[in-house]
Chemist: 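Before I ask anything, here is the structure I am working with.
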Amino acid sequence: DGEMSDEEVAAIREKAQALGAQALVDGELAARRPLESITPAFVTEEQRQVAYALAYAIVHGEDAVSPGERMYLTQLERQLALDHETVEQIERETLSNA
């Protein structure tokens with residue numbers, strides 16, 4: 001939705017810490033770069049899928065994905081060049097692991 005609540009930032013940091021990427025994520029949170037400048041860094045299919053899963057877990061953490069958040073996820077899906085079936089699978093798996 002373009003805005004991050006304190007709870008969303010905390011969730012991002014918690015997930016990043018679990019992945020050993022807290023310093024990197026803290027730097028990105030401070031920079032607030034456009035999506036199209038971030039996604040090229042994910043070069044492998046696995047990296048792109050993990051990036052989408054992380055974004056989805058954070059967005060869905062509030063139990064409902066708002067229309068603005070769904071638009072963000074759709075843009076991310078396109079930027080990461082993920083097919084819709086893969087995205088649906090990632091979303092199902094992310095919800096089952098929550």
Side-chain angles (χ1 to χ4, degrees):
D1 62 6
E3 298 296 322
M4 284 194 288
S5 68
D6 291 340
E7 293 83 16
E8 288 173 317
V9 171
I12 291 168
R13 288 190 168 129
E14 181 181 325
K15 299 251 186 227
Q17 184 177 15
L19 295 170
Q22 187 169 359
L24 173 66
V25 169
D26 283 343
E28 292 301 321
L29 286 171
R32 297 283 181 127
R33 297 182 306 156
L35 188 59
E36 42 295 323
S37 72
I38 298 168
T39 53
F42 304 108
V43 293
T44 69
E45 181 72 12
E46 181 181 9
Q47 290 171 336
R48 292 191 301 270
Q49 289 181 14
V50 168
Y52 187 89
L54 178 60
Y56 183 74
I58 292 164
V59 166
H60 197 273
E62 296 177 341
D63 294 326
V65 176
S66 73
E69 291 167 334
R70 181 49 66 187
M71 282 180 42
Y72 166 80
L73 290 170
T74 299
Q75 290 173 352
L76 182 60
E77 176 183 342
R78 289 183 188 134
Q79 292 286 326
L80 294 172
L82 295 172
D83 64 75
H84 193 67
E85 286 181 19
T86 299
V87 166
E88 287 179 340
Q89 179 182 349
I90 291 168
E91 290 182 4
R92 281 191 307 273
E93 289 175 0
T94 300
L95 289 178
S96 70
N97 292 331

Chemist: Could you work out, with side-chain contact (heavy atoms from CB on, under 4.5 Å) as the rule, every residue matching Q17, not counting sequence neighbours?
Modeler: Q22

Chemist: For a quick test of reading the model, state the closest non-hydrogen atom pair linking A57 to T94 and the distance between them.
Modeler: CB-CG2, 3.7 Å

Chemist: To the closest 0.5 Å, what do you measure between CG (L82) and CD (E88)?
Modeler: 12.5 Å

Chemist: By the salt bridge (charged side-chain N to carboxylate O under 4.0 Å, His left out) test, which pairs, at least two apart or in different chains, include something from residues 35-61?
Modeler: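 Matches after skipping sequence neighbours: E45-R48.
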
Chemist: Hey, does the side chain of Q79 reach the backbone of Q75 with a donor-acceptor pair shorter than 3.5 angstrom?
Modeler: no

Chemist: For D83, what residues pass the side-chain hydrogen bond (donor to acceptor under 3.5 Å, both in side chains) criterion, not counting sequence neighbours?
Modeler: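 Checked D83 against side-chain hydrogen bond (donor to acceptor under 3.5 Å, both in side chains); matches are T86.
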
Chemist: Hey, quick one: are V87 and I38 part of the same hydrophobic cluster, counting side-chain heavy atoms closer than 4.5 Å, chains of contacts allowed?
Modeler: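 Yes, one cluster joins them.
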
Chemist: Which residues satisfy the ring-ring contact (aromatic ring centres under 6.0 Å, His included) test with F42, sequence neighbours excluded?
Modeler: none

Chemist: Locate the shortest heavy-atom distance separating Q47 from V43; write the atom from each residue and the value.
Modeler: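 That would be OE1-N, 2.8 Å.
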
Chemist: Looking at residues at least two apart in the chain, or sitting in another chain, which of them share a side-chain hydrogen bond (donor to acceptor under 3.5 Å, both in side chains) with E85?
Modeler: none

Chemist: Quick one, L95 and E91 - any side-chain contact, counting heavy atoms below 4.5 Å?
Modeler: no

Chemist: With sequence neighbours excluded, tell me which residues meet salt bridge (charged side-chain N to carboxylate O under 4.0 Å, His left out) with E77.
Modeler: none

Chemist: With sequence neighbours left out, write down each residue that passes salt bridge (charged side-chain N to carboxylate O under 4.0 Å, His left out) with R13, or none if nothing qualifies.
Modeler: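 Here the qualifying residues are D26.
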
Chemist: My understanding is that only residues two or more places apart in sequence, or in another chain, count here; which of them pass side-chain contact (heavy atoms from CB on, under 4.5 Å) with L73?
Modeler: Y52, A55, Y56, V59, V65, R70

Chemist: Does L76 share a hydrophobic cluster with M71, counting links as ILVMFWY side-chain heavy atoms below 4.5 Å and allowing steps through other members?
Modeler: no

